[in-house]
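Worksheet: the structure to be examined is printed underneath.
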Amino acid sequence: MAEEKKEEQKPSISFIEQFISDDLKEGKNDGRIHTRFPPEPNGYLHIGHAKAICLDFGMAQKYGGKCNLRFDDTNPIKEDVEYVDSIKEDIHWLGFDWEEREYYASDYFGKLFDFAVDLIKRGLAYVDDQPADIISSQKGTPSQPGMESPFRSRPVKENLNLFFRMNEGEFEEGSRVLRAKVDMISPNMHMRDPIIYRIIKTPHHRTENKWMVYPMYDFAHGQSDYFEGITHSLCTLEFEVHRPLYDWFIDQLKTGDYRPRQIEFNRLNLTYTMMSKRKLLELVQEGKVNGWDDPRMPTLCGLRRRGYTPESIRRFVDLIGYTKVEAINDVSLLEHAIREDLNMRAPRVFGVLNPLKVIIRNYPEGQIEEVELINNPEDESQGKRMVPFSREVYIEQDDFMENPPNKFFRLAPGMEVRLKGAYIIKCEGFKKNEKTGAIEEVYCTYDPDTRSGGKTSEKKVKGTLHWVSAEHAVDAEVRLYDRLFNHEDPAGQKEDDYRKLLNPGSLKVLTGCKVEPSLAEAKPLDKFQFQRLGYFCVDYDSKHDKLIFNRTVGLKDTWAKVNK
RNA sequence: UGACCCAUGGUGUAAUUGGCAACACGUCAGAUUUUGGUUCUGAAGAGUCCAGGUUCGAAACCUGGUGGGUCAACCA
């Protein structure tokens with residue numbers, strides 16, 4: 001029949017992918033695509049980097065090209081192998097691989113030095129003896145042109161001599177720099193005779209003491225791309241104004257038609273957190289969080305420890321897209337991505353965070369039944385498990401109210417609920433601490449005919465609770481995480497110290513939680529859904545006799561919403 | 001007294017390149033449910049920053065505004 005079939009929504013591609021596929025169609029670079037991910041090894045990767053990684057590796061993958069990993073290690077003062085290792089680990093964890101193409105800007109120090117010498121010889125670079133503040137003031141401002149350095153027309157021979165001696169270690173750090181001779185009155189500040197080499201005597205983590213002069217990032221980055229045959233240099237928006245300078249360098253360097261094409265895209269920003277490496281480092285150093293992998297951190301290692309999967313992060317990145325608009329993405333979209341993933345994968349278990357003892361008075365003392373529970377209703381292949389049931393069980397404190405409001409489908413005096421997978425129980429009474437008002441125990445009876453799966457288990461009740469048999473329960477610590485900052489955009493608040501915006505309640509540690517016995521052997525990073533509560537992940541600190549769970553994210557809770 | 005970039009529901013993105021503004025998240029209803037989860041159905045919410053212009057037709061092209069961002073490290 002002529003059924004009007006819905007037009008399959010063609011997945012739209014980003015403007016970057018559009019450029020790439022156009023270039024490919026036009027046969028540029030012999031139809032080759034080669035990208036690179038160029039981190040500086042001076043900190044841990046965060047989810048913002050994940051956005052770049054997914055693009056760099058993703059485009060190469062999709063169009064049959066390659067993606068290099070290149071460490072932009074041009075500043076030995078800030079960089080360290082510790083970071084090199086963590087960066088490699090995080091990229092692999094995310095699901096990408098650079099094969100044997102692990103490069104370093106420091107691999108090109110020789111070539112870069114030769115290029116600098118070449119520029120000097122061609123009268124396109126000179127040694128400036130002035131101190132930093134003078135050079136800086138001569139640069140002018142964005143709205144005022146700069147002034148030429150008195151050393152700008154120094155003879156080639158003298159420049160050469162000085163530059164070599166700079167590298168011999170003959171001069172103090174800061175006493176001289178090498179500058180490219182471009183244009184001091186350019187409206188683009190980056191073109192005003194940028195410094196391209198400076199003296200640094202701190203040993204480099206890879207080249208050690210071989211060099212006394214180091215190229216600036218701007219003098220290393222574009223050329224490194226060129227040396228590696230990169231076709232598409234994808235980077236974030238703030239490098240847009242650097243592009244003319246990179247082009248200028250490549251113009252001096254290139255011998256044929258080939259040149260990398262730089263395309264800029266927007267950074268990833270997330271509500272209630274920040275991506276500034278410097279500020280994240282401060283949070284770590286000042287003990288505001290417990291290390292780079294604190295589950296509240298937006299770092300990849302933090303998210304990993306929190307229980308996020310690489311799939312969920314890739315999915316999230318895919319959802320937010322790449323544009324030139326500076327955007328702030330709602331964390332709820334990230335949370336949606338991890339829920340969506342874990343819903344399919346995480347086995348369901350019973351865990352009681354704030355235990356309240358229920359005594360089933362008509363259940364035989366000493367009797368234990370094993371009840372069968374489905375591990376994951378979304379995935380039959382995950383099978384079933386047996387969970388012990390007995391006369392005394394723990395339920396959640398929130399699941400009992402002495403004076404319940406309307407539509408409270410849980411336990412209250414005279415009300416019936418099902419203990420999931422077991423029986424329907426009815427509340428006959430409770431013990432209350434008269435001083436504190438705390439409910440200490442709840443007394444119930446059960447209906448033996450209502451066992452789940454049994455013939456008469458058709459009986460309907462409004463509420464179903466999770467539970468853990470008191471005698472079989474395993475103790476656990478549970479760490480509940482909330483947003484790190486109270487403000488949606490803590491980094492955007494210019495005046496205020498971002499530390500004042502920290503959420504004091506971002507970590508709550510619960511002890512004495514009760515979880516079902518099947519969890520006793522859970523290993524770090526194992527993920528579960530604590531039924532009716534959320535997704536939880538075993539922490540690295542967890543031990544066989546001291547289980548620790550991190551809450552990745554709560555389940556959607558419409559009851560909490562109406563109850564507000 | 002500058003240069004460059006940007007502007008589409010609350011948020012993030014689309015709109016096959018000039019042809020009925022769509023999707024996701026979020027929100028709100030309802031159905032299903034032995035998870036107040038999931039799933040399913042539906043709804044509200046922008047007329048595309050503003051003003052002109054080109055065109056039969058503009059979110060898109062042009063001009064001028066407005067608003068936001070980036071650029072003045074011997075950082076990357």
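Note on A:Q130: a base of the nucleic acid sits closer than 4.0 angstrom, heavy atoms only. The residue A:Q531 sits close to a base: some heavy atom pair falls under 4.0 Å. Nucleic acid contact class of A:F265 (heavy atoms, under 4.0 Å, all strands): none. Among the protein residues, A:E396 comes within range of no part of the nucleic acid, since none of its heavy atoms lies under 4.0 Å from any strand. Among the protein residues, A:G421 comes within range of the nucleic acid bases, having at least one heavy atom under 4.0 Å from a base atom. Across all strands shown, A:K277 has no heavy atoms under 4.0 Å from either base or sugar-phosphate atoms. Residue A:R192 is classed as having no contact, given no heavy-atom separation below 4.0 Å to the nucleic acid.
Side-chain nitrogen and oxygen atoms of A:K324 include none within less than 4.0 Å of the OP1 or OP2 phosphate oxygen of B:U70. For B:C71, neither phosphate oxygen OP1 nor OP2 lies less than 4.0 angstrom from any side-chain nitrogen or oxygen of A:H190. Look at A:S186 and you won't find any side-chain N or O under 4.0 angstrom from OP1 or OP2 of B:A3. OP1 or OP2 of B:A76 sits under 4.0 Å from a side-chain N or O of A:R198.
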Intra- and inter-strand pairs of RNA chain B in dot-bracket (Watson-Crick or G-U wobble, both distances under 3.5 Å; | for another strand): .((((((..((((.....[..)))).(((((.......))))).....(((((..]....))))))))))).....
Under 3.5 Å, which N/O atoms of the protein pair with N/O atoms of nucleotides 7-13 of chain B?
residue	atom	partner	partner atom	Å
B:U11	O3'	A:I328	O	3.4
B:U11	O2'	A:I328	O	3.3
B:G12	OP1	A:I328	N	3.4
B:G12	O2'	A:I320	O	3.0
B:G12	O2'	A:N329	OD1	3.3
B:U13	OP1	A:N266	ND2	3.0
B:U13	OP1	A:T323	OG1	3.2

Below 3.5 Å between N/O atoms, which protein atoms pair up with nucleotides 48-50 of chain B? Just atom names and distances, please.
none

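The distance between atom CG of A:D318 and atom C1' of B:C25, rounded to the nearest whole Å, is 14 Å. We find that CD1 of A:I13 is positioned 13 Å from P of B:U17, with the value rounded to whole Å. With rounding to whole Å, A:D218 atom CG is found 11 Å from B:C74 atom P. With rounding to whole Å, A:R70 atom CZ is found 12 Å from B:A76 atom C1'. Distance, A:M191 CE to B:G2 C1': 16 Å, rounded to whole Å. In this structure, A:K279 atom NZ and B:A76 atom C1' are separated by 16 Å, rounded to whole Å. Taking atom CH2 on A:W467 and atom C1' on B:U34, their separation rounds to 12 Å, with Å as the unit. As a whole-Å value, the separation of A:H204 NE2 from B:C75 P is 14 Å.
In this structure, B:U17 is classed as syn because its glycosidic torsion stays within 90° of zero.
Aromatic ring orientation, A:Y83 versus A:W292: perpendicular (interplanar angle above 60°, classes split at 30° and 60°). Note: A:F113 and A:Y197 have perpendicular aromatic rings, judged against thresholds of 30 and 60 degrees for the angle between ring planes.
Side-chain atoms of A:R532 never come within 3.5 Å of backbone atoms of A:F350 as a donor-acceptor pair (strictly under, hydrogens ignored).
A heavy-atom distance below 4.0 Å to RNA chain B is reached by these residues of residues 131-144 of chain A, ordered by number: A:P131, A:A132, A:S136, A:G140, A:T141, A:P142, A:S143.
For residues 216-225 of chain A, every residue pair satisfying the salt bridge (Lys or Arg N to Asp or Glu O under 4.0 Å) rule, not counting sequence neighbours, is listed here: A:R36-A:D225, A:R70-A:D225.
In summary, A:E17 and A:K62 engage in a salt bridge, as defined by a charged side-chain N under 4.0 Å from a carboxylate O.
Just one of A:Y214, A:Y108, A:F249, A:Y226 meets the ring-ring contact (aromatic ring centres under 6.0 Å, His included) condition when paired with A:F219; it is A:F249.
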Take nucleotides 37-43 of chain B nucleotide by nucleotide from the 5' end and write B, S or -, depending on whether a protein heavy atom sits under 4.0 Å from the base, only from the sugar-phosphate, or from neither. BB-----
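Residue A:E238 places its side chain closer to B:U70 than to any other of B:C25, B:U70, B:U34.
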